[in-house]
Visitor: 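Here it is: the structure, laid out below.
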Amino acid sequence: FDNIRLPLNTIISPKMSNTIISSIQNIHNENNANRLGSEYIIQSIMENLFVSISRKTHNFSFNSADYEKTLQRKFEKMRLDFYNDPGKFRVKSMAKELDFSITHFSYLYKKFFNITPMNDLTKARIDYVKNIDIININTYELSELLGFNSIEYFYRWFKTHFKMTQREYKANLRED
């Protein structure tokens, strides 16, 4: 602990919870695998965990106003990215990228934008459909572009949000 300057008796920021949980899961998996050299892998995972905690603790700014502004800029950048390409984003992956639990990420997102991340992602998907040339895209390609893993779910989602099927939507576009 002295070598990595891990501060003892220090409160750890909730922002580090995903790093800690991930490390504990890796240690658990390695321990249950009963492979040769597991103790060395576990030791390495523990050292990485403690170094990560030390770095985040030493680099953490306690000026809450600056921290919140920095955090909001990160959220705004992520939001801009997912409005441009909503198929690459999931609430779970966004929370993980910023190292928050889904619950805390959703709380902060709603605080910054007055909308839940799932509702905003849905809005981004709807806007994306309205702004692309959907006529030459088949259903499977469109569902992939929007990030859906299930065609059946995509059909229900489309019908719910556009009040018509994708085929009917395309027909209406052709008429215009």
Visitor: Among all residues two or more places apart in sequence or in another chain, which pass the ring-ring contact (aromatic ring centres under 6.0 Å, His included) test with Y140?
Guide: none
Visitor: Where the side chain of R90 meets the backbone of G147, is there a donor-acceptor pair that is under 3.5 Å apart?
Guide: yes
Visitor: Identify every side-chain donor-acceptor pair in residues 126-133 under 3.5 Å, counting partners at least two apart or on other chains, and give the distances.
Guide:
residue, atom, partner, partner atom, Å
N131, ND2, D127, O, 2.9
D133, OD2, N136, ND2, 3.0

Visitor: Using the rule given for side chain to side chain contact (heavy atoms under 4.5 Å, CB included), can you reason through R79 versus Y109, listing the C-alpha separation, both sets of side-chain angles and the distance that settles it, and then say yes or no?
Guide: CA-CA 10 Å; R79 187 180 194 209; Y109 197 95; 3.4 Å; yes
Visitor: Who are the side chain to side chain contact (heavy atoms under 4.5 Å, CB included) partners of N26, not counting sequence neighbours?
Guide: S22, I45
Visitor: Test your reading of the model: is there a side-chain donor-acceptor pair from T122 to the backbone of M118, 3.5 Å cut-off?
Guide: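 Between the backbone of M118 and the side chain of T122 there is a qualifying donor-acceptor contact (under 3.5 Å).
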Visitor: Is it true that, when you exclude H161 itself, more than 12 heavy atoms of the residues, nucleotides or ligands shown sit nearer than 6.0 Å to its NE2?
Guide: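 Yes, because the 6.0 Å sphere around NE2 of H161 holds more than 12 heavy atoms from other groups.
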Visitor: Output all residues satisfying side-chain hydrogen bond (donor to acceptor under 3.5 Å, both in side chains) with R35, sequence neighbours left out; order by chain, then residue number.
Guide: E30
Visitor: The criterion is side-chain hydrogen bond (donor to acceptor under 3.5 Å, both in side chains); which residues satisfy it with D81, sequence neighbours excluded?
Guide: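 Here the qualifying residues are K77.
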Visitor: Among F112, F75, F100, find the one that has a ring pair (Phe, Tyr, Trp, His ring centres under 6.0 Å) with F105.
Guide: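 Single pass found, and it is F75.
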Visitor: Does a side-chain N-to-carboxylate-O contact under 4.0 Å join E68 and K111?
Guide: yes
Visitor: Output all residues satisfying ring-ring contact (aromatic ring centres under 6.0 Å, His included) with F148, sequence neighbours left out; order by chain, then residue number.
Guide: Y153, F154, W157
